[in-house]
There are 2 protein chains.
Amino acid sequence: MALGKDYVAQECSIARALEVIGERWTLLVVRDAFYGIRRYSDFLGHLGLPRAVLATRLQALERAGVLEKRRYQDSPPRDEYVLTDSGIALWPILRSLSVWGTAHVAGTKRLRVFTHADCGTELGSYGECPACSTAVPPQDVEMLPGEGLDPEPSDPVSRALLRPRRLLQPLEADRV
Amino acid sequence: MALGKDYVAQECSIARALEVIGERWTLLVVRDAFYGIRRYSDFLGHLGLPRAVLATRLQALERAGVLEKRRYQDSPPRDEYVLTDSGIALWPILRSLSVWGTAHVAGTKRLRVFTHADCGTELGSYGECPACSTAVPPQDVEMLPGEGLDPEPSDPVSRALLRPRRLLQPLEADRV
DNA sequence: CAGCGTAGGTTCATTCATTGAACTCAAATC
DNA sequence: GATTTGAGTTCAATGAATGAACCTACGCTG
């Protein structure tokens with residue numbers, strides 16, 4: 001988001017946050033990173049966005065310190081994009097967006113259910129566990145498919161995401 | 001956000017939420033509504049966005065049921081835009097964005113401080129009161145200027161917002 | 001009552017971002 | 001040697017954002 005056109009005039013931490021994660025597709029890339037997606041081609045296949053936009057977003061998120069690019073093999077050279085601590089701190093934002101979307105956008109069924117892995121209780125509005133009354137870190141969140149989800153999606157990433165899984169757990173582990 | 005270019009392929013409540021509030025400027029309009037701004041000209045002066053964009057956003061938010069347009073005088077006819085219950089439910093999203101922006105975007109000082117009006121305690125990350133351990137509804141949130149804020153802003157709306165005030169309280173009440 | 005001011009918009013040309021398709025490049029595999 | 005695969009970059013066409021100017025209905029002032 002560039003100059004004059006950016007939110008620079010805004011003395012506001014919300015505006016600053018939106019400078020980083022407010023562009024089109026950006027938060028969906030971050031969401032996918034929470035789902036365990038780490039590779040360019042998996043983001044591409046799952047999000048269905050233009051390659052050029054994905055490359056731009058990944059670079060911007062890396063520069064902002066939300067994602068870290070790391071080499072996972074040398075020959076051929078391949079990199080993966082992993083959430084940093086700063087990126088993991090975005091979880092409450094995604095959680096509150098998801099809660100609001102389910103409750104207030106017409107026709108949104110429960111598509112995914114998030115539970116506290118330790119006790120199986122469904123998370124509250126802020127991502128806390130009502131039973132244990134603690135904030136649940138994303139590592140301890142279990143994601144389960146909800147009723148509204150297509151049971152036979154065409155792309156392999158969506159198919160892998162139909163299985164219950166921990167947030168942040170790399171997708172490679174249980175690829176079909 | 002139109003077709004093919006929208007997030008329709010995404011079976012995801014986050015994507016649905018972003019369809020409504022994910023466009024440029026939209027969340028800042030909503031933020032201003034929480035600050036008590038209700039009139040076209042006040043949004044315009046405070047946000048500094050093009051009039052055409054403001055008109056488009058206000059209409060979209062009204063259609064989505066986030067804002068309600070209501071006539072507050074008949075001659076000349078004047079309308080104001082007020083948050084609906086669905087709009088007020090966006091508060092946790094704004095709160096978590098603000099917390100993340102302050103903590104993780106370089107150089108962001110505390111610009112505004114939010115406290116539980118009943119007890120004066122500063123809100124926690126999710127907008128809860130650590131002292132009373134309850135979620136604080138925006139009506140009960142007091143907003144105070146932080147250190148990083150310009151003490152002599154040029155536009156009258158920013159000047160009015162330097163005073164401590166309740167969220168959602170109409171700005172007209174204490175206009176300078 | 002003529003002229004000016006004001007709130008709340010539209011319209012318009014220019015600039016900028018997004019899209020979708022095609023192209024590149026290096027390494028691995030057939 | 002030919003093909004495939006991952007990870008990009010380049011490019012023309014489309015769509016959205018910007019900033020300025022214009023419009024309209026009403027109220028106010030002299």
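The basis for the numbers below is simple: all heavy atoms, side chains too, and nothing from hydrogens, waters or symmetry mates. In what follows, chains are A, B, ... by sequence order, proteins preceding strands, each numbered from 1. Treat the numbers as computed from the prediction; the structure is a model and nothing was measured.
- The ring-ring contact (aromatic ring centres under 6.0 Å, His included) pairs that include a residue from residues 49-94 of chain A are A:F34-A:W91, A:W91-A:F114, where partners are two or more places apart or lie in different chains.
- Taking Ile, Leu, Val, Met, Phe, Trp and Tyr as hydrophobic and joining them when side-chain heavy atoms fall under 4.5 Å apart, one finds B:L144 in a cluster with B:V113.
- Nearest to the side-chain atoms of B:P50 among the listed nucleotides C:dT18, D:dT18, C:dT10 stands D:dT18.
- Summarising the hydrophobic clusters (Ile, Leu, Val, Met, Phe, Trp, Tyr; side-chain heavy atoms under 4.5 Å, direct or chained), the residues clustered with A:L111 are A:L149, A:L162.
- Nucleic acid contact class of A:F43 (heavy atoms, under 4.0 Å, all strands): none.
- Residue pairs meeting the side chain to side chain donor-acceptor pair (under 3.5 Å) criterion with at least one partner in residues 46-59 of chain A, sequence neighbours excluded, are A:T26-A:R57, A:D32-A:H46.
- Separating the CG atom of A:L54 from the P atom of D:dA7 is a distance of 10 Å, rounded to the nearest angstrom.
- An OP1 or OP2 oxygen of D:dT5 is reached within less than 4.0 angstrom by no side-chain nitrogen or oxygen of A:R39.
- Results of the salt bridge (charged side-chain N to carboxylate O under 4.0 Å, His left out) test with B:E147 over B:R112, B:K109, B:R110 single out B:R110 as the only residue that passes.
- Looking only at side-chain heavy atoms (C-beta outward), A:Q139 and A:R166 stay at 4.5 Å or farther from each other.
- The nearest heavy atom of DNA chain D to A:A52 and to B:A52 marks one nucleotide each, and the one closer to the 5' end goes with A:A52.
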Between the protein and nucleotides 28-30 of chain D, which nitrogen or oxygen pairs come in under 3.5 angstrom?
none

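- Residues B:Y72 and A:V53 both approach DNA chain C. Their nearest nucleotides, taken by heavy-atom distance, put B:Y72 toward the 5′ side.
- Legend: residues meeting side-chain contact (heavy atoms from CB on, under 4.5 Å) with A:E62, ordered by chain and number and at least two apart, are A:K69.
- For the pair A:L58 CG and D:dG6 P, the interatomic distance rounds to 16 Å; values are reported in whole Å.
- Proximity of B:Y81 to the phosphate of C:dG8: no side-chain N or O atom is located under 4.0 Å from OP1 or OP2.
- Other members of a hydrophobic cluster containing B:V82 are absent, since no ILVMFWY side chain comes under 4.5 Å of it, directly or through relayed contacts.
- Whole-Å rounding puts the B:R57 CZ to C:dT10 C1' distance at 16 Å.
- One atom, CD of B:E62, and another, C1' of C:dG8, lie 14 Å apart when rounded to the nearest Å.
- Phosphate contact (OP1/OP2 of C:dA17, side-chain N/O of A:W25, threshold under 4.0 Å): absent.
- Partners of B:H116 under the ring-ring contact (aromatic ring centres under 6.0 Å, His included) rule, at least two apart in sequence or in another chain, do not exist in this structure.
- In this structure, CZ of B:R70 is placed 20 Å from P of C:dA7, rounded to the nearest angstrom.
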Check your understanding: Could you run down nucleotides 23-30 of chain C 5' to 3' and tag each one B, S or - for protein heavy-atom contact under 4.0 Å?
Key -> ----SS--
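- Look at A:K69 and you'll find a side-chain N or O under 4.0 angstrom from OP1 or OP2 of D:dG8.
- For C:dG8, the OP1/OP2 oxygens have a side-chain nitrogen or oxygen of B:S41 closer than 4.0 Å.
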